[in-house]
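To start, the structure itself, in structure tokens.
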Number of protein chains: 2
Amino acid sequence: MLSELEGLTLGLLSKHGPCTAYSIRQMLKEAPSSHWRASAGSIYPLLARLEKDRLIEGEDDPADGRARKVLKLSVAGRKKLKSWIKHGSDADLIAQLFDPVRNRIFFMEVLGKQEQLRLAQEILCGMEEHLHFAHQNLKDRDRDADMFDYLGATGAVLACEARIKFMKQVVKELERQS
Amino acid sequence: MLSELEGLTLGLLSKHGPCTAYSIRQMLKEAPSSHWRASAGSIYPLLARLEKDRLIEGEDDPADGRARKVLKLSVAGRKKLKSWIKHGSDADLIAQLFDPVRNRIFFMEVLGKQEQLRLAQEILCGMEEHLHFAHQNLKDRDRDADMFDYLGATGAVLACEARIKFMKQVVKELERQS
DNA sequence: CGATGCATGTAAGCTGTTACATGATTGC
DNA sequence: GCAATCATGTAACAGCTTACATGCATCG
């Protein structure tokens, strides 16, 4: 129905009120652990599509000389957003956890022993850095102001920690072998 | 350089010896928590691309009347695979953990209180089922036969558990509110 | 007054999807 | 013999990316 990026866009519009295309793009870019580059070439055609389908409504801001449009979610858009969220319990979505690092670990045997250990340590290091970032992000949220935002950030931290635990096992196993 | 699917394909060819396009497709489909549908329309053009770039080599199986090609990794292919694996430590790859369920949780406020709780419980239930599947998958692996396969499956279990922990927090928070 | 950032967009290309088509083989 | 599965592909399309283009605004 809606693509992932479309759903996220409607969600952001629902959460952060009427806003411009540019600010939506910024939010997508700054989102922690985002899969998306949120390039201009994706956002603007996407918004045009959503507007054509009457899921969002755009209005030229008269208080501003610059040509910018303020976008907001329509009633139909909110309905579609709800339906998109409800599909979160679909089995194929639950199974769809994409981890490019783990994908690579599977085939690490083709590297030399030393390379294996060095790479695993590098990844672990990078992940710890990323965990720090996720923690920072969590701290910036107000649990009472926006519970789901807070919970989502918590989820990001938990995911980070799980990956670190995983990589520690990899490193340990590689060290054991040498 | 290589797309994710191309990397996975080279990896599978490296691990599971010379094999046919069809069996690669099956492996991609059956992979636990796969992001890919591994449709025919992706695999066959992809393999043609890899062969054109001399990363894999195909040979018609003379022992088989059916028109099927046995594919194997070339030397250049193994080199490219190594480079693909080594990029696992890139910061943008480490940050790129894609979770469509968490994406939806962020915007769950647009649903009614009852809907929120019901959905969260449904997701939790689905994830526990998926954990069971991941556990099963882990049991089928032999640690000594293929360490990285075993480690990868362990990583999948850890990721599952982290998501369940997350969803339990969501449910708990929602129950606290009602 | 020039650099940087804000803001909007387009064009071409890549990678994946669904849906369709074909034929051979195996199991009941 | 017929259905299911093996096995290989193609065509049309969707969605995102990079790279480019444009122009206004703000700050030094």
Side-chain angles (χ1 to χ4, degrees), chain A residues 1-10 12 18-31 34-53 55-56 58-71 84 90 92-93 96 98 100 103, chain B residues 1-10 12-13 16 18-31 34-53 55-56 58-71 84 90 92-93 96 98 100 103:
Chain A
M1 202 88 95
L2 285 178
S3 76
E4 199 68 17
L5 200 51
E6 283 169 344
L8 285 171
T9 302
L10 290 186
L12 286 172
C19 57
T20 66
Y22 188 81
S23 61
I24 288 171
R25 205 183 149 198
Q26 297 307 311
M27 286 188 272
L28 284 168
K29 270 193 205 167
E30 285 157 24
S34 176
H35 182 70
W36 314 105
R37 314 236 167 197
S39 53
S42 63
I43 295 304
Y44 290 97
L46 183 150
L47 290 171
R49 223 154 56 218
L50 293 176
E51 194 171 3
K52 202 201 73 192
D53 294 342
L55 301 179
I56 62 175
E59 202 182 328
D60 291 314
D61 190 344
D64 196 331
R66 280 157 82 169
R68 62 184 208 174
K69 236 178 185 176
V70 177
L71 304 165
W84 179 75
D90 288 4
D92 58 329
L93 265 178
Q96 212 183 103
F98 175 71
N103 281 344
Chain B
M1 201 87 94
L2 285 178
S3 78
E4 200 68 15
L5 200 52
E6 284 168 344
L8 286 172
T9 301
L10 291 187
L12 286 172
L13 271 173
H16 302 292
C19 58
T20 65
Y22 188 80
S23 62
I24 289 171
R25 205 183 148 197
Q26 296 307 311
M27 286 188 272
L28 283 168
K29 269 193 203 166
E30 284 157 24
S34 175
H35 181 69
W36 313 104
R37 314 238 168 197
S39 53
S42 65
I43 295 305
Y44 291 97
L46 182 150
L47 290 171
R49 223 153 57 219
L50 292 178
E51 195 172 1
K52 201 201 73 193
D53 294 343
L55 302 179
I56 62 175
E59 199 183 331
D60 291 315
D61 190 345
D64 196 332
R66 280 157 82 168
R68 62 186 208 172
K69 235 180 187 176
V70 177
L71 304 164
W84 179 75
D90 288 5
D92 57 330
L93 265 178
Q96 213 182 102
F98 175 69
N103 280 344

Note to self: What residues from residues 44-52 of chain A pass a heavy-atom cutoff of under 4.0 Å to DNA chain D?
What the structure shows: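 Output list: A/L46, A/R49.
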Note to self: Taking the nucleotide of DNA chain D with the nearest heavy atom to each, does A/A40 or A/S3 sit closer to the 5' end?
What the structure shows: A/S3
Item checked: Closest-nucleotide 5' rank along DNA chain D - winner of A/A38 and B/S23 ->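 Closer to the 5' end of DNA chain D: B/S23.
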Starting at atom [atom1] of [X], determine the distance to atom [atom2] of [N], rounded to an integer number of angstrom.
X: B/L71; N: D/dG9; atom1: CG; atom2: C1'; value: 14 Å
X: B/D92; N: D/dC16; atom1: CG; atom2: C1'; value: 16 Å
X: B/Q26; N: D/dA4; atom1: CD; atom2: C1'; value: 14 Å
X: A/M27; N: C/dA7; atom1: CE; atom2: P; value: 12 Å
X: A/R25; N: C/dG5; atom1: CZ; atom2: C1'; value: 12 Å
X: B/K29; N: D/dA7; atom1: NZ; atom2: C1'; value: 11 Å
X: A/L28; N: C/dT8; atom1: CG; atom2: C1'; value: 16 Å
X: A/H35; N: C/dT15; atom1: NE2; atom2: C1'; value: 12 Å

Notebook entry, point to check: Does A/E51 reach the side chain of A/K69, with side-chain heavy atoms less than 4.5 Å apart?
Noted result: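 Yes, close enough: below the 4.5 Å cut-off.
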Item checked: Min side-chain heavy-atom separation B/N103-B/F98 under 4.5 Å -> yes
Between [options], which one does the side chain of [X] approach most closely?
X: B/E6; options: D/dT8, D/dT18, C/dT15; answer: C/dT15
X: A/W36; options: C/dG9, C/dT15, D/dC16; answer: D/dC16
X: A/Y22; options: C/dT17, D/dT10, C/dT8; answer: C/dT8

Next item on the list: Have a look at A/A21 and say if it touches a base, only the backbone sugar-phosphate, or nothing, with a 4.0 Å heavy-atom cut-off.
Entry: sugar-phosphate
Check: At under 4.0 Å between heavy atoms, what does B/I43 touch on the DNA or RNA strands: base, sugar-phosphate, or nothing?
Finding: nothing
Check: How far does the helix from C/dC1-D/dG28 to C/dC28-D/dG1 bend, going by the axes of its first and last five pairs, to the nearest 10°?
Finding: 30°
Is there a side-chain contact between [X] and the phosphate of [N], meaning an N or O under 4.0 Å from OP1 or OP2?
X: A/S42; N: D/dG15; result: no
X: B/S39; N: C/dA19; result: no
X: B/R37; N: C/dT18; result: yes

Next item on the list: Determine yes or no for a side-chain-to-main-chain donor-acceptor pair under 3.5 angstrom, with B/S34 supplying the side chain and B/A31 the backbone.
Entry: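 The answer is no, because no donor-acceptor pair under 3.5 Å joins these two groups.
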Notebook entry, point to check: Which residue pairs pass the salt bridge (charged side-chain N to carboxylate O under 4.0 Å, His left out) test with at least one member in residues 22-31 of chain A, sequence neighbours excluded?
Noted result: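 Pairs touching residues 22-31 of chain A that pass the test: none.
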Could you pull out all residues at least two apart from [X] that satisfy side chain to side chain contact (heavy atoms under 4.5 Å, CB included)?
X: B/S3; value: B/L5, B/E6
X: A/P45; value: none
X: A/D53; value: A/L55

Could you grab the distance from atom [atom1] of [X] to atom [atom2] of [Y], nearest 0.5 Å is fine?
X: A/Q26; Y: A/T20; atom1: CD; atom2: OG1; value: 8.5 Å
X: B/M27; Y: B/Y22; atom1: CE; atom2: OH; value: 12.0 Å
X: A/I24; Y: A/T9; atom1: CD1; atom2: OG1; value: 6.0 Å

